[in-house]
Amino acid sequence: MRSLVSLLAGSLFGIGLLLSGMTDTVKVQGWLNVFGDWDPTLAFVMGGAIIPMAIAWQVARVLRRPLAGDRFPPAPGAEVDRMIVIGSVLFGMGWGLAGLCPGPAVASLSYGGTGGLIFALAMVAGMWLAPRLRARLDRAVPAE
């Protein structure tokens with residue numbers, strides 16, 4: 001059941017990314033170009049993601065366990081630490097330079113193109129490298 005729900009949710013997410021234009025790097029970079037030819041349409045996509053997630057967190061408080069899992073993940077913390085800042089900066093740089101973030105990068109693989117493939121490979125390499133760098137940073141400067 002969990003695999004089926006995951007497949008359906010992932011497929012729906014990918015289709016939504018394609019239909020909303022989040023896999024179109026020109027559209028995404030147009031959203032980020034606030035001092036040039038700004039394209040505000042992705043604000044509706046982001047709002048369309050934030051609103052259902054806020055509702056889902058409220059529903060998760062009422063339900064004892066999810067329909068297709070053992071337990072709900074914990075709510076994210078409110079504190080902003082060094083790792084959140086570093087991760088946000090790296091995410092923003094990648095999104096601004098390439099016009100893709102992880103979800104749209106995977107969805108863009110479905111229609112080919114070397115740009116999306118190169119980004120996805122670089123993303124996987126970054127996912128492999130990140131825990132190693134974090135361990136090294138934590139040894140060098142203990143987290144507060």
Side-chain angles (χ1 to χ4, degrees), residues 1-61 66-144:
M1 179 64 152
R2 184 175 180 170
S3 295
L4 178 62
V5 170
S6 296
L7 176 67
L8 291 174
S11 298
L12 182 62
F13 182 65
I15 290 168
L17 291 172
L18 287 168
L19 292 176
S20 68
M22 288 292 288
T23 60
D24 180 359
T25 58
V26 173
K27 188 170 193 69
V28 171
Q29 288 171 331
W31 156 255
L32 297 170
N33 187 7
V34 294
F35 298 113
D37 191 18
W38 186 55
D39 181 359
T41 56
L42 290 183
F44 295 104
V45 175
M46 291 179 194
I50 292 169
I51 293 168
M53 197 62 229
I55 294 169
W57 280 117
Q58 297 306 314
V59 170
R61 287 184 180 171
L67 299 174
D70 299 333
R71 64 189 184 306
F72 289 107
E79 66 279 352
V80 176
D81 63 4
R82 175 179 53 144
M83 298 312 292
I84 292 288
V85 172
I86 291 170
S88 298
V89 168
L90 291 174
F91 177 90
M93 287 170 48
W95 197 36
L97 290 171
L100 289 171
C101 61
V106 171
S108 72
L109 294 175
S110 66
Y111 56 82
T114 57
L117 179 62
I118 291 169
F119 182 88
L121 291 172
M123 180 179 69
V124 169
M127 289 176 180
W128 178 84
L129 187 61
R132 288 150 183 82
L133 287 175
R134 180 174 183 171
R136 182 169 270 186
L137 282 173
D138 287 345
R139 281 193 308 270
V141 180
E144 298 165 9

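- Sparse packing is recorded around CZ of R136, with 12 or fewer heavy atoms of other residues, nucleotides or ligands lying under 6.0 Å away.
- Contacts of W38 classified as ring pair (Phe, Tyr, Trp, His ring centres under 6.0 Å), with partners at least two apart in sequence or in another chain: W31.
- Taking CG of D81 as the start and CD1 of I86 as the end, the distance is 8.5 Å to the nearest 0.5 Å.
- Residues P52 and G47 share a closest heavy-atom pair of CD-O, 4.2 Å.
- Remark: L18 pairs with T23, S110, Y111 by the side-chain contact (heavy atoms from CB on, under 4.5 Å) rule, at least two apart or across chains.
- Taking CG from D39 and CG from L32, the interatomic distance works out to 10.5 Å, rounded to the nearest 0.5 Å.
- When all heavy atoms of R82 and D138 are compared, the pair lying nearest together is NH2-OD1, 3.2 Å.
- Looking at F91 and P102, their side chains come closer than 4.5 Å, going by heavy atoms from C-beta outward.
- By the 4.5 Å heavy-atom criterion applied to side chains, V80 and V85 are counted as neighbours.
- Partner of S20 under the side chain to side chain contact (heavy atoms under 4.5 Å, CB included) criterion, out of I15, T41, V45: V45 alone.
- Rounded to the nearest 0.5 angstrom, M53 CE and Q58 CD are separated by 10.5 Å.
- Side-chain contact check for V106 versus M123: some heavy-atom pair is nearer than 4.5 Å.
- Listed by first and then second residue, the side-chain hydrogen bond (donor to acceptor under 3.5 Å, both in side chains) pairs that reach into residues 47-56 come to none, sequence neighbours excluded.
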